[in-house]
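Worksheet: one structure, shown below.
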Amino acid sequence: MAARFNPLEADAHWQKIWEDRGTFHASDSSSRPRSYVLEMFPYPSGRIHMGHVRNYTMGDVLARYRRMNGFEVLHPMGWDAFGMPAENAAMEKKVHPGDWTWSNIDTMRAQLKRLGFALDWSRELATCDPSYYGHEQALFLDLFAADLVYRKQSEVNWDPVDMTVLANEQVIDGRGWRSGAPVERRKLSQWFLKITDFAEELLDGLDDLDQWPDKVRLMQENWIGRSQGLRFRFDLDSPVDGIASFDVFTTRPDTIFGASFAAVAPDHPIATALAGHDPALAAFIAECRQSGTTAAELETAEKKGFDTGFRVRHPFDAGWTLPLYVANFVLMDYGTGAIFGCPAHDQRDLDFARKYGLPVTRVVAADPEEAAEPIGEEAYVGPGRLVNSRFLDGLVAEEGIREVIARAEAEGWGDGTIVWRLRDWGVSRQRYWGTPIPIVHCDKCGAVPVPRDQLPVVLPEDVDFATPGNPLDRHPTWSKIDCPQCGAAARRETDTLDTFVDSSWYFIRFASQPKDAPFDRAEAERWLPVNQYIGGVEHAILHLLYARFWTRALKRIGLIDIEEPFSGLFTQGMVTHETYRAADGRWVSPDEVERRDGRLVVAATGEPVETGRIEKMSKSKRNTVDPEPIVDQYGADAVRWFMLSDSPPERDLEWSEAGIQGSWRFVQRIWRLVSEQAERGASSWLGGEGEAGAGAEAERALTRRLHRAIAAAGANIESLAFNKAVANLYELATAIEKAPPSPARSEAVETMVRLAAPMVPHLAEQAWALLGKEGLIADAAWPEADPALLVEDEVTIAVQVNGKLRDTVSAPKGSSREDLEALALASDNVARILDGKPPRKVIVVPDRLVNLVA
RNA sequence: GCCCCCGUGGCGGAAUUGGUAGACGCGCUCGACUCAAAAUCGAGUUCCGCAAGGAGUGCCGGUUCGACUCCGGCCGGGGGCACCA
């Protein structure tokens with residue numbers, strides 16, 4: 001009787017051998033074709049969770065598969081190690097963010113190693129290490145020198161209690177997510193990266209990313225938000241503080257004769273100037289500032305405006321003037337911060353016009369009769385021809401747009417232009433645990449870069465988190481420095497970089513990590529771009545857009561000749577679990593719940609538990625399952641197998657006890673097949689049972705199934721359809737189990753082990769050794785499918801009458817249409833249904849079906 | 001509001017270009033082994049029907065010899081963006 005597979009022994013044994021032999025080290029000098037497989041590196045929050053396990057298992061299967069296919073594979077791992085949780089831990093637990101982070105890294109590294117991932121640990125990096133962020137500072141200065149970095153006053157969300165800037169995501173219902181204090185808007189000097197300079201190429205570049213999910217490309221496209229239209233000048237009837245005109249932007253210049261007002265944003269320079277003479281307007285602007293920015297507030301916010309009393313001249317008619325408003329729904333940071341209002345064909349403008357009694361003139365009509373019809377409570381935004389529009393009458397929108405732009409350009413009061421939704425990337429964070437911005441502020445010289453030989457600018461260790469705010473600001477000495485340019489007393493920048501900067505180039509550093517430079521260009525270019533990048537869809541916009549931008553920026557300044565960092569992208573689904581709630585509404589963790597008499601109860605107290613929705617594993621819902629004890633119990637391979645089974649990788653995977661047990665059974669099933677064969681010995685099938693003819697036929701059938709499995713599993717892994725590859729292996733295992741011992745069966749077992757190797761590598765190594773094979777299966781080649789064995793010589797033909805299946809018949813592959821038709825007509829079922837009448841029409845799809853139309 | 005995706009057995013899901021719907025797994029049922037249980041193995045498992053047969057991929061309609069697949073319209077679920085001019 002064969003012993004069970006013991007993962008506890010096998011996992012550790014093979015992991016040590018892989019490590020000792022450096023099996024997964026990527027060689028920079030290899031002559032093999034290269035493949036760079038990368039999963040988004042984790043934030044070291046404390047422990048590995050199931051989402052990590054799923055993500056890294058997928059990448060690992062692909063990395064191992066590519067290795068078996070002859071590629072030199074780069075599959076590295078590191079840590080996205082800067083960020084706020086470390087500072088929160090520092091405040092709550094009185095530990096230094098660095099100590100907390102590094103100890104988490106140690107824990108999580110050990111957990112990852114326990115799963116047997118084929119990673120090149122020699123390239124491990126952590127973004128909080130000065131040997132990483134120092135190079136980042138150098139790159140920042142390169143971008144600064146190239147004028148891709150600038151500093152400007154900008155409005156931020158300010159938490160007055162924690163005394164820090166909050167990202168938009170950290171503002172919940174207008175309050176700071178930690179302090180709960182109402183968030184204020186403040187103007188602060190912030191560093192920006194000129195991502196808008198790259199808007200066009202970032203948008204155009206999406207077209208070439210054909211191995212990215214359409215969804216992600218679309219999200220980026222919307223985020224970049226290209227709008228084409230006309231930017232034109234409105235002249236004021238009388239100047240304000242020397243300002244005689246201002247620009248507006250519109251995508252619908254064809255509706256220019258429907259204009260009934262002009263409006264500027266509350267923080268538009270004109271509004272500011274006018275407010276200087278008008279206390280009531282100043283009060284209105286102050287009121288606009290007060291109002292919240294959350295989605296809910298915007299939804300219900302009333303359109304409000306302030307009539308300045310000034311008027312602007314219509315560009316096509318100097319005698320026609322429009323009232324100038326300051327309006328709360330006009331945004332300073334989109335377009336020009338000023339609009340013309342065309343109430344008939346824009347709902348917001350219509351709401352505004354009705355409220356302030358402004359004229360509403362229809363200028364688009366679906367058909368000519370409608371030209372005189374008034375607009376009701378809904379703006380008309382549909383197609384049609386222009387009406388009431390002088391020389392534009394009769395034109396469709398596109399023609400009208402072209403005509404107005406042409407005239408504006410000819411007459412010199414406007415230009416056809418493109419406006420982007422994308423804003424420059426604000427990277428300043430008033431936090432300690434991040435990359436220090438390598439700039440010195442000097443009263444005389446302004447912002448001066450830290451000299452290269454003084455990099456890295458290292459974070460001070462002796463910081464205090466007892467008081468809110470940025471510890472770097474409060475540090476007694478750290479920021480004090482002499483100006484590198486003039487030598488006068490100056491001050492270090494105390495803001496640190498957004499952690500998204502850290503993750504915008506780590507994939508380059510993985511590919512090449514010299515000591516004295518961020519990367520070696522030639523070395524990096526040999527590995528990049530990443531062939532397959534795998535991570536959560538939550539990074540579809542920010543991280544992936546920033547990384548694309550950073551790479552293009554490095555290319556523009558001549559540091560690397562790569563445009564797109566990730567040629568293939570895959571976004572995997574989440575790991576979910578049922579949620580449980582006790583009667584008092586508190587969430588109950590799965591390991592406190594047990595089934596008693598068919599009902600779920602809290603194991604300790606027996607109180608009943610209600611089953612809630614299946615949701616993403618999260619601490620707040622208490623529905624997480626810690627991978628580590630599961631790995632201890634079932635071994636790495638069963639967990640990996642489960643992560644790949646059932647759910648398509650892009651969809652959510654529901655964790656279940658039954659599922660992991662099923663995976664465990666499969667691991668043992670493979671092991672049983674292998675160990676039975678090993679016990680039987682390579683020659684015991686000789687003088688086998690049954691008639692030779694039937695045996696040979698069965699062997700051929702098994703071999704064909706084997707080769708179909710090789711082809712299918714390979715194709716499925718290649719396309720990341722792991723759940724289908726899993727099904728291929730189940731099918732093959734069943735076919736082998738049913739076959740009597742034979743050389744073909746022995747061959748099938750050995751090959752099956754190779755097919756399973758990327759997914760269950762420890763089991764595969766152990767089986768490989770047990771079968772007496774030389775070397776590691778990790779180094780073995782992926783089996784080759786023989787094309788001749790992929791085709792059946794006998795095919796099953798579906799026989800339909802009027803498209804309904806009535807029978808199936810067997811025929812030699814490649815049978816003629818006539819033969820197939822004859823076979824179909826010979827079927828009893830068909831004869832009965834046709835009832836002696838000949839079919840009116842016969843459709844034959846060779847090797848597939850015959851459809852008889854009665 | 002705008003944009004996108006998805007609806008297939010009790011459950012997760014399969015199904016090249018339209019061509020035998022339900023592969024594979026989970027669960028369940030029955031059986032074998034066992035004093036018994038666990039483990040394992042075998043058979044079955046879309047629904048209705050004893051059967052012959054019929055129905056069936058969210059709903060309604062269309063195209064087609066033939067539709068899970070293509071088109072139009074609904075309903076339901078999920079995601080992204082959102083006062084974007």
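The structure presented is a predicted model; accordingly, all values stated were derived computationally and were not measured. Scope of the values below: all heavy atoms of this structure, side chains included, with no hydrogens, waters or symmetry mates. Throughout, a chain's letter reflects where its sequence line sits, starting with A, and its residues are numbered from 1.
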* Report, as yes or no, whether the 6.0 Å neighbourhood of atom CZ on A:Arg704 holds more than 12 heavy atoms from other residues, nucleotides or ligands. => yes
* Among B:rG19, B:rA23, B:rC3, the nucleotide that comes nearest once only the side chain of A:Glu731 is considered -> B:rA23
* For A:Thr336, which contact category applies under a 4.0 Å heavy-atom criterion: base, sugar-phosphate, or nothing? -> nothing
* To do: Take atom CG of A:Asp646 and atom C1' of B:rG12, then tell me their distance rounded to the nearest Å.
  => 5 Å
* Using a heavy-atom cut-off of under 4.0 Å over every strand shown, decide if A:Ile843 touches base, sugar-phosphate, or nothing. => base
* To do: Report yes if at least one side-chain N or O of A:Lys215 is closer than 4.0 Å to OP1 or OP2 of B:rC6; otherwise report no.
  => no
* **Interatomic distance, A:His268 NE2 vs B:rA85 C1' [rounded to whole Å]** => 13 Å
* To do: From the options B:rA85, B:rC24, B:rG80, select the nucleotide whose nearest atom is closest to the side chain of A:Tyr730.
  => B:rC24
* When you measure from the side chain of A:Thr808, which nucleotide among B:rU20, B:rA14, B:rC24 comes out closest? -> B:rU20
* Kindly say whether the aromatic ring centers of A:Trp641 and A:Tyr730 come within a distance under 6.0 Å. => yes
* What interatomic distance, in whole Å, is found between P of B:rU57 and the corresponding atom of B:rU20? -> 16 Å
Donor-acceptor contacts under 3.5 Å from residues 658-667 of chain A side chains, at least two apart:
residue: A:Ser663; atom: OG; partner: A:Phe642; partner atom: N; Å: 3.4
residue: A:Ser663; atom: OG; partner: A:Gly659; partner atom: O; Å: 3.3

* Contact class for A:Val853 vs. all strands (heavy atom < 4.0 Å): base, sugar-phosphate, or nothing? -> sugar-phosphate
* **Chi-based syn or anti call at B:rG9, which uses purine or pyrimidine torsion atoms and a 90° bound** => syn
* CD of A:Glu657 versus P of B:rC26: gap in Å, rounded? -> 14 Å
* To do: Would you mind classifying the nucleic acid contact of A:Asp346 as base, sugar-phosphate or nothing, using non-hydrogen atoms under 4.0 angstrom?
  => nothing
* With A:Trp413, which residues qualify under ring pair (Phe, Tyr, Trp, His ring centres under 6.0 Å), at least two apart? -> A:Phe232, A:Phe316
Please tabulate, one pair per line, all N/O donor-acceptor pairs under 3.5 Å involving side-chain atoms of residues 794-807 of chain A, not counting sequence neighbours.
residue: A:Glu794; atom: OE2; partner: A:Ser810; partner atom: OG; Å: 3.2
residue: A:Asn802; atom: OD1; partner: A:Ala854; partner atom: N; Å: 3.0
residue: A:Asp807; atom: OD2; partner: A:Ser827; partner atom: OG; Å: 2.7

* Asked: Taking the side chain of A:Arg832 as heavy atoms from C-beta outward, which of B:rC84, B:rC26, B:rG53 is closest to it?
  -> B:rG53
* Assign a letter to each nucleotide of nucleotides 38-48 of chain B from its 5' end: B, base within under 4.0 Å of a protein heavy atom; S, sugar-phosphate only; -, no contact. => -SSS-------
* Go through the structure and list residues passing side chain to side chain contact (heavy atoms under 4.5 Å, CB included) with A:Ala713, not counting sequence neighbours. => A:Asn728, A:Trp782
* Asked: Roughly how far apart, to the nearest Å, are B:rG13 and B:rG25 at atom C1'?
  -> 9 Å
* Between B:rA82 (P) and A:Asp333 (CG): distance, integer Å -> 11 Å
* Structure fact -> So OG1 of A:Thr250 and CG of A:Leu230: to nearest 0.5 Å the spacing works out to 7.0 Å
* Asked: In whole Å, what separates the P atom of B:rC26 from that of B:rG49?
  -> 29 Å
* Between A:Thr196 and A:Asp424, do the side chains contain an N or O donor and an N or O acceptor separated by less than 3.5 Å? -> yes
* Asked: Side chains of A:Arg651 and A:Thr576: do they bring a donor and an acceptor to under 3.5 Å?
  -> no
* To do: For A:Asp652 and B:rC5, give me the distance from atom CG to atom P, rounded to whole Å.
  => 18 Å
* To do: Could you work out the separation of B:rU16 and B:rC68 based on their C1' atoms and round it to a whole Å?
  => 15 Å
* Asked: NE2 of A:His539 versus C1' of B:rG80: gap in Å, rounded?
  -> 15 Å
* Partners meeting side chain to side chain contact (heavy atoms under 4.5 Å, CB included) with A:Gln347 (sequence neighbours left out) -> A:Leu350, A:Asp351, A:Glu378, A:Ala379
* Interatomic distance where CZ belongs to A:Arg421 and P belongs to B:rC83 [whole Å] -> 9 Å
* A:Lys841 side-chain N/O to B:rC65 phosphate OP1/OP2 under 4.0 Å -> yes
* Say you pick atom P in B:rG78 and the same atom in B:rG73; how far apart are they, in whole Å? -> 23 Å
* Structure fact -> Heavy-atom nearest nucleotide on RNA chain B taken for A:Ile797 and for A:Gly803; more 5' hit belongs to A:Ile797
* **Results of salt bridge (charged side-chain N to carboxylate O under 4.0 Å, His left out) for A:Arg402 - residues two or more places apart only** => none
* Pick the nucleotide of RNA chain B nearest each of A:Arg806 and A:Asp349; which residue has the one closer to the 5' end? -> A:Arg806
* **Shortest side-chain distance from A:Arg848, nucleotide among B:rG54, B:rU17, B:rG13** => B:rU17
* Can you name the side chain to side chain contact (heavy atoms under 4.5 Å, CB included) partners of A:Asp415, sequence neighbours left out? -> A:Glu409
* To do: Pick the C1' atom in B:rC60 and in B:rC65, then give their distance to the nearest Å.
  => 24 Å
* P-based separation of B:rU64 from B:rC71 [nearest Å] -> 16 Å
* **Under the salt bridge (charged side-chain N to carboxylate O under 4.0 Å, His left out) test, residues paired with A:Lys621 that sit two or more places apart** => A:Glu615
* **Closest to the A:Trp223 side chain, choosing from B:rG13, B:rC4, B:rC81** => B:rC81
* Is there a donor N/O on one and an acceptor N/O on the other, under 3.5 Å, for the side chain of A:Arg348 and the base of B:rC84? -> no
* To do: Using a 4.0 Å heavy-atom cut-off across all strands, classify A:Arg840 as base, sugar-phosphate, or nothing.
  => nothing
* Plane angle bin for A:Tyr325 and A:Phe352 - parallel if under 30°, tilted between 30 and 60°, otherwise perpendicular -> perpendicular
* Check salt bridge (charged side-chain N to carboxylate O under 4.0 Å, His left out) between A:Lys616 and all other residues, then give those that pass, not counting sequence neighbours. => none
* Asked: Going by heavy atoms closer than 4.0 Å, what residues in residues 714-729 of chain A are next to RNA chain B?
  -> A:Asn723, A:Lys724, A:Ala727
* Using whole Å, report how far CG of A:Leu849 lies from P of B:rG19. => 10 Å
* Treating a pair as Watson-Crick (purine N1 to pyrimidine N3 plus N6-O4 or O6-N4) or G-U wobble (N1-O2 and O6-N3) with both distances under 3.5 Å, list the stems of 3 or more consecutive pairs that involve RNA chain B. => B:1-7 with B:75-81, B:10-12 with B:24-26, B:27-32 with B:40-45, B:46-48 with B:53-55, B:58-62 with B:70-74
* In terms of side-chain heavy atoms of A:Leu218, which of B:rC4, B:rC65, B:rA82 is nearest? -> B:rC4
* **Rounded distance in Å between the C1' positions of B:rG66 and B:rG19** => 7 Å
* Hey, does A:Val330 reach any base, or is it just sugar-phosphate, or nothing, if we go heavy atoms under 4.0 Å? -> base
